There are 4 protein chains.
Amino acid sequence: MAPTTRQPAEHPDPPSAGAPPVPLAPLVRGKGRPRSAAADQAILDATREALAELGWGGLTMGDVAQRAGVAKTTLYRRWPSKSELVVDAIASLFDQLECADLGSLRADIEAVVARFAELLTLPETQAALLALFAEGSRDPQLRRRIRERIVQPQKVLVELGRANAQARGEMDPDRDPAAAAEEVGIIFDTIAGTVEHRLLVSGEPVTADWIRRFTTLLLGPFPGPER
Amino acid sequence: MAPTTRQPAEHPDPPSAGAPPVPLAPLVRGKGRPRSAAADQAILDATREALAELGWGGLTMGDVAQRAGVAKTTLYRRWPSKSELVVDAIASLFDQLECADLGSLRADIEAVVARFAELLTLPETQAALLALFAEGSRDPQLRRRIRERIVQPQKVLVELGRANAQARGEMDPDRDPAAAAEEVGIIFDTIAGTVEHRLLVSGEPVTADWIRRFTTLLLGPFPGPER
Amino acid sequence: MAPTTRQPAEHPDPPSAGAPPVPLAPLVRGKGRPRSAAADQAILDATREALAELGWGGLTMGDVAQRAGVAKTTLYRRWPSKSELVVDAIASLFDQLECADLGSLRADIEAVVARFAELLTLPETQAALLALFAEGSRDPQLRRRIRERIVQPQKVLVELGRANAQARGEMDPDRDPAAAAEEVGIIFDTIAGTVEHRLLVSGEPVTADWIRRFTTLLLGPFPGPER
Amino acid sequence: MAPTTRQPAEHPDPPSAGAPPVPLAPLVRGKGRPRSAAADQAILDATREALAELGWGGLTMGDVAQRAGVAKTTLYRRWPSKSELVVDAIASLFDQLECADLGSLRADIEAVVARFAELLTLPETQAALLALFAEGSRDPQLRRRIRERIVQPQKVLVELGRANAQARGEMDPDRDPAAAAEEVGIIFDTIAGTVEHRLLVSGEPVTADWIRRFTTLLLGPFPGPER
DNA sequence: ACCTAAACGAGACGGTACGTCGAGTCTTCAA
DNA sequence: TTGAAGACTCGACGTACCGTCTCGTTTAGGT
């Protein structure tokens, strides 16, 4: 979802449940000068750049505006605060996550973990992710936005992988949807939390070997064929 | 380790590898007026209080000083920055972690998870932990301090639990120490990361039931007797 | 010269020799939001008020800002330091000095002395003048500013009075302009220095009788008709 | 008067009218360790040195203490504040003023003016004098101290010069003591004020030529023999 | 040769102001 | 109406000095 989608209102998204990824139409064709779409992209790029360079604490709206060649006003016209801006800037990285069906549950999981670890190695992600989570723990609105734009896309992968495994017959199909959701929750928290903790807290690298061991742990009940 | 231990230097801890938790002796009885130990305690208490009330972002050195009935200068004389102060304030909570031998690996793990989840439910911890980790990802000195004071005490529990299990015969004794350390690392990152992610990112509660399911996942290779 | 004259640069006045008292035109109509003229006035008024109340030592930038209903930043945007601000605040009082031609040299001098003494009786002047001079003795930039805004306006009176006396035939017209300037210098230092010293150092009042005696001293060479 | 005179009480001088220049006696021979006289001198020297180097505004008690190789406590045990300390430090310079009888009123005046101008050329005096006067305008106690230690010694010269002139027959002896005192006041304010103003405000040098012209102005009523 | 009380150095302490910085808003002109 | 520019309010920052305090350590009397 591109941020440019938000055209008419000042700070939209309030009800925005799914947030349609396409501008679909000039909707409420504004009367005056239209917003520059280029500016949006420049701002998000500048944000990521500044984030990588200066970290969350060193990031300032003024600096982002300057890098993007844009006035602070323009920035605030589109995002209500630093945090929300960064959410969008980081979210675009997580949009790229995909779950290719690689033929086995283990392979799928390893691919997802590797991809996630790769994202967390980017300086901009490293600088921003935990800070955003921290901010979110006090601001429910921000929390929702983070969940929509960053957490959910990751969780979907787990659901998808599970569905694939079931389609392949590696797992029994779900009976109780609620129980299934809960199980997905556990798996998801475990994958995301563990990788984050290893990289950002313990500060140790995520190697192929580590991924294999960790996946083995995850597959406990469904070890599948040794590889 | 109490912060009061730091006696002589300005912002000590320089080599401080293990940092003995006891003053043991007047060591290098400084020449001037000695630092007030009461102030240290008041400051740490005030920090936790303010943290719970205002969150990490709302925490100000000035406010902490005022709550502690202390001048800002006194605060800066002991801690070089907000982050370091909060590390010490939070660390004291993690000092209390213990690992009672409850007779089985499962019980020990569940107890540790529950205790850790309990800590993460405190408003002060919630407000601070992720923010600290985020700050730490840019500042190596802070990172080290966090590891010493907060992460390590948790990790020790895992090692202890493992040793207990081995003593009870539930696990094979270690052969390769390096491999053992790595395995402890995985387990530790998984426990800590997952609980943090569930509570602070997903924002869902850690119930007894969830703990049981999660422990089952962890015990994959060593399920032990069903209970 | 009103401080509002300073429009474009940050801390202007760089070459500013005469500094025209009128904005004359939008000159270099700046691009952003223009500086508030009302703020300038409010700040100068607040400065004089605080000066009278608290004295030079008790004057704080923060306090002035608060009295003026203005942020500290705004204050520093216009004046680089307390001293410069006070120069401008006090200067406006000296702008009011005039030299009406009263018909005789003696009368003119007595009027000037009286007017000057009157200014030095105001609490704000008393608090500020010597302090400014003291500061100026270390800071050449400030010194120049003081001379332009406070000393020069006074000196002009002496020159004017002299010209009037010459026009009336009480004094010979100048032959050597350099010698004349020097003589004006002596007279000026004597008037200003003596009145200041009596009021601010000796702490004794300047009465009509004192003025008469002092003027007699000054008129030594040109006593004119006894009155 | 040496500051060492003040031995017994904490911050003496309260009634001290004339302040006897000699320690006269161990007065209230204290029981403990006596104050170090060397420290007094070191402090005053350090004060003058720092004053010359840093100016009034840059002078800090801590710095003076360090230069004097003395603890801040020692400093405050003797002088209640920065201002009082500086008064004493500067006063010792003015103690050296003398009025040698040079044989004529004009010569005496010129000598006094020259000597005074010389004092005002020292960087320490320049830095301190006006600042002290400024401080004094708010603090009556300080004002009194300044008058006793700095102003009075200068005034005495004028009185002495007048007495000498009368002894030589250049002036009529006083009839009305009150009128005489007033006249001394005018002359004194004129000399001190003018020289200060020229050097510290106008910032122009006091040359032999200037002194001659100024003296001529002063001698208006008693020009004496041309020289 | 003690004994004792003050002076001394060091430096921590509670305050207060400093001057700067960033967030987010508002006001102007030009496009 | 958007956008660039930049002034605005607010509030925290970390530092510097102030003048006071509390330590342990001299150091000169008086005994």
Side-chain angles (χ1 to χ4, degrees), chain A residues 8 30-36 39 57-63 65-66 69-83, chain B residues 8 10 26 29-36 38-39 57-63 65-66 68-78 80-82, chain C residues 8 10 26 29-36 39 57-63 65-66 69-78 80-82, chain D residues 7-8 10 26 29-36 39 57-66 69-82:
Chain A
K31 280 189 284 190
R33 171 175 172 180
R35 285 201 184 159
S36 153
L59 185 77
T60 64
M61 295 300 262
D63 182 57
Q66 200 166 354
V70 137
K72 257 201 303 175
T73 327
T74 304
L75 230 144
Y76 279 105
R77 229 189 297 273
R78 289 160 159 85
W79 289 276
S81 77
K82 174 168 152 175
S83 309
Chain B
E10 264 304 313
R29 193 66 204 77
K31 278 199 284 193
R33 171 175 174 177
R35 292 202 180 156
S36 153
L59 186 77
T60 14
M61 295 300 261
D63 182 59
Q66 200 167 350
V70 135
K72 247 198 311 175
T73 330
T74 301
L75 225 148
Y76 280 109
R77 205 173 287 122
R78 292 162 156 82
S81 75
K82 176 167 147 174
Chain C
E10 263 304 314
R29 194 64 206 79
K31 278 199 285 193
R33 171 175 174 177
R35 291 200 182 158
S36 154
L59 187 75
T60 357
M61 296 299 261
D63 183 58
Q66 200 167 350
V70 135
K72 246 197 312 174
T73 334
T74 300
L75 226 146
Y76 281 107
R77 221 192 310 278
R78 291 161 157 83
S81 75
K82 174 167 149 175
Chain D
Q7 268 148 2
E10 263 306 313
R29 195 64 214 96
K31 277 193 283 192
R33 172 177 172 179
R35 288 199 183 159
S36 154
L59 185 78
T60 61
M61 296 300 261
D63 183 59
V64 169
Q66 200 166 353
V70 136
K72 258 201 303 174
T73 327
T74 303
L75 228 146
Y76 279 106
R77 207 172 283 127
R78 291 160 158 85
W79 290 275
S81 76
K82 173 169 152 175

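Just so we're on the same page: letters track the sequence lines, and every chain starts at 1. FYI, side chains are in, hydrogens and waters are out, and symmetry mates aren't considered; it's all heavy atoms of this structure. As the structure is a prediction and not an experimental result, all values here were calculated from the model.
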- [ ] Summarise how protein sits on nucleotides 18-24 of chain E as a single string, 5' to 3': B when a protein heavy atom is under 4.0 Å from the base, S for sugar-phosphate-only contact, - for no contact.
- [x] SBBBSSB

TODO: To the nearest 0.5 angstrom, please state how far the NZ atom of B:K72 sits from the CD atom of B:Q66.
DONE: 11.0 Å

Open item on the list: To the closest 0.5 Å, what do you measure between OG (B:S81) and OH (B:Y76)?
Closed with: 8.5 Å

Task: Length of the line joining B:L75:CG and F:dA12:P, which is rounded to integer Å - done: 15 Å

Open item on the list: Please determine whether a side-chain nitrogen or oxygen atom of C:R78 lies at a distance below 4.0 Å from atom OP1 or OP2 of F:dC8.
Closed with: yes

Open item on the list: Heavy atoms only, 4.0 Å cut-off, all strands: where does D:G57 land among base, sugar-phosphate and nothing?
Closed with: nothing

TODO: Would you name the heavy atoms of D:A39 and D:R78 that are closest together and state the gap between them?
DONE: CB-NH2, 3.9 Å

Task: Which residues share a side-chain contact (heavy atoms from CB on, under 4.5 Å) with B:A68, sequence neighbours left out - done: B:A42, B:I43, B:A46, B:V70

- [ ] Please determine if a side-chain N or O atom of C:R33 lies less than 4.0 Å away from the OP1 or OP2 oxygen of F:dC8.
- [x] no

TODO: Rounded to the nearest angstrom, tell me the gap between atom CZ in D:R35 and atom P in E:dA7.
DONE: 5 Å

TODO: Measure across D:M61 and D:L75 and return the closest heavy-atom pair with its distance rounded to 0.1 Å.
DONE: CE-CD2, 3.3 Å

Open item on the list: If the cut-off is 4.0 Å, is B:R77 near the phosphate of E:dC13, judged by side-chain N/O to OP1 or OP2?
Closed with: yes

TODO: Just jot down the side-chain contact (heavy atoms from CB on, under 4.5 Å) partners of A:T73, sequence neighbours excluded, or say none.
DONE: A:A71, A:R77

